[in-house]
Amino acid sequence: MEEGKSTVRAVERAMDILLCFTERSEWAMTEIAEKVGLHKSTVHRMLATLEDKGFVARHQASERYRLGMRVWELSAHLSSSDDPAVRLLPEMERLRDLVGETVSLYIRDGNERIRIQAVQSSQAVRRVANVGVRLPLYVGASSKVLVAFADEETQRLVMEDPSWPASIDRAQYAEQLEHIRRTGYATSIEEREPGAAAVAAPILNRAGKLAAALSVSGPSGRLTLESMREHAPAIIEAARRMGMMIVK
């Protein structure tokens, strides 16, 4: 029994190490140890095993680690019928070509949102969106969409999150969510990042349940409130088409 627990714990630790690479592409061994809360010798042994299996690679000169080719081999076998990040990509590209701004796809994970796909704008000055980034749910157009169209229990848990900044009034936030449900989209201007703006709409699956948030983002000087309102119908329609591709 103890051996089984030890094995599960080792797997959990290895997964924690791999998940570090969702935040940035390269890590030093000591940084990983601090991030996951493990002794450096333990992390060193696990990294050696992951490196031997091809899941991480170590730069010989800098001694920093990055994801190995085995991870990319696994991702290549994702089924386009199961992975929304793959299946919805053509519609995202179509929307990018229509509005001329960066298009992103977000899902909720606990009290955070994760960007699982992005199509970058081709304009010289643009909002660059990196895939895999985790962001808080209390700010931003996509965050508000993911909360506004979630079930009541999820909304309650998010609104009661003790990590919310005191500067955000929960009552006003709740009013924003109600407005978003009525209009079908959310906007944000420099809520999370200076000089950036975004407009987002919910992707509802065939059963009418929230599957993801579709976002268009760009420089706030170009993506003004007026232009976001103009783009909203196209974004809502794109989200509707995407939702028809998702069964559950």
Side-chain angles (χ1 to χ4, degrees), residues 84 88 91-109 111-123 125-131 133-151 154-155 158-159 161 164-165 167-204 208 210-243:
L88 302 182
E91 283 290 345
M92 294 177 66
E93 292 174 337
R94 182 186 301 179
L95 181 61
R96 185 274 313 276
D97 294 342
L98 180 63
V99 301
E101 302 290 355
T102 296
V103 177
S104 299
L105 191 67
Y106 291 92
I107 60 172
R108 183 183 66 85
D109 183 23
N111 284 348
E112 295 179 310
R113 59 177 160 120
I114 307 173
R115 187 183 294 122
I116 63 170
Q117 185 62 281
V119 179
Q120 311 294 345
S121 168
S122 58
Q123 301 200 51
V125 179
R126 62 185 184 272
R127 174 79 167 79
V128 176
N130 297 315
V131 174
V133 171
R134 286 178 173 266
L135 299 167
L137 273 183
Y138 50 76
V139 67
S142 296
S143 291
K144 290 183 285 189
V145 160
L146 289 172
V147 179
F149 291 90
D151 57 79
T154 297
Q155 291 183 31
V158 171
M159 296 287 284
D161 181 5
W164 271 45
S167 59
I168 298 180
D169 184 274
R170 282 176 167 79
Q172 291 181 357
Y173 187 84
E175 291 178 1
Q176 287 187 55
L177 298 184
E178 180 59 35
H179 178 73
I180 291 164
R181 284 188 287 269
R182 290 198 307 269
T183 60
Y185 70 96
T187 61
S188 65
I189 299 178
E190 299 187 339
E191 288 187 7
R192 190 183 61 82
E193 182 181 340
V199 53
I203 298 177
L204 306 178
L210 179 67
L214 177 65
S215 168
V216 168
S217 59
S220 56
R222 190 168 65 227
L223 202 57
T224 62
L225 186 58
E226 181 180 358
S227 65
M228 287 192 284
R229 287 171 176 163
E230 292 175 355
H231 291 322
I235 298 168
I236 292 172
E237 173 58 22
R240 185 195 66 79
R241 289 196 301 268
M242 292 179 186

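Index from 1, following the sequence.
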Novice: Before giving the answer on side chain to side chain contact (heavy atoms under 4.5 Å, CB included), spell out for Tyr173 and Lys144 the whole-Å C-alpha distance, their side-chain angles and the decisive distance to 0.1 Å.
Specialist: CA-CA 9 Å; Tyr173 187 84; Lys144 290 183 285 189; 3.8 Å; yes
Novice: Got a second to check how far Leu225's CG is from Glu230's CD, nearest 0.5 Å?
Specialist: 10.5 Å
Novice: Testing His231, Arg222, Arg96 one by one against Glu101 for a side-chain hydrogen bond (donor to acceptor under 3.5 Å, both in side chains), which residue passes?
Specialist: Arg222
Novice: Please identify each residue that fulfils side-chain contact (heavy atoms from CB on, under 4.5 Å) with Arg94, with sequence neighbours left out.
Specialist: Glu91, Arg241
Novice: If only atom types and distance count, is the side chain of Thr224 paired as donor or acceptor with the main-chain N or O of Ser227 below 3.5 Å?
Specialist: yes
Novice: Taking the side chain from Ser220 and the backbone from Ala197, do they hold a donor-acceptor pair closer than 3.5 Å?
Specialist: no
Novice: If only atom types and distance count, is the side chain of Ser143 paired as donor or acceptor with the main-chain N or O of Val139 below 3.5 Å?
Specialist: yes
Novice: Do any N or O atoms from the side chain of Glu190 and from the backbone of Ala196 form a donor-acceptor pair under 3.5 angstrom?
Specialist: no
Novice: How many angstroms lie between atom CD1 of Ile114 and atom OG of Ser104, to the nearest 0.5 angstrom?
Specialist: 13.5 Å
Novice: Please round to the nearest 0.5 Å and tell me the distance separating atom CG of Leu135 and atom CG of Asp109.
Specialist: 12.5 Å
Novice: Would a distance-only check, ignoring hydrogens and angles, find a side-chain to backbone donor-acceptor pair under 3.5 Å from Trp164 to Arg170?
Specialist: no
Novice: Testing Arg115, Gln117, Glu112 for side-chain hydrogen bond (donor to acceptor under 3.5 Å, both in side chains) with Tyr106, which one passes?
Specialist: Arg115
Novice: Tell me, yes or no, whether the heavy-atom count around Glu226 atom CD, taken from other residues, nucleotides or ligands under 6.0 Å, exceeds 12.
Specialist: no
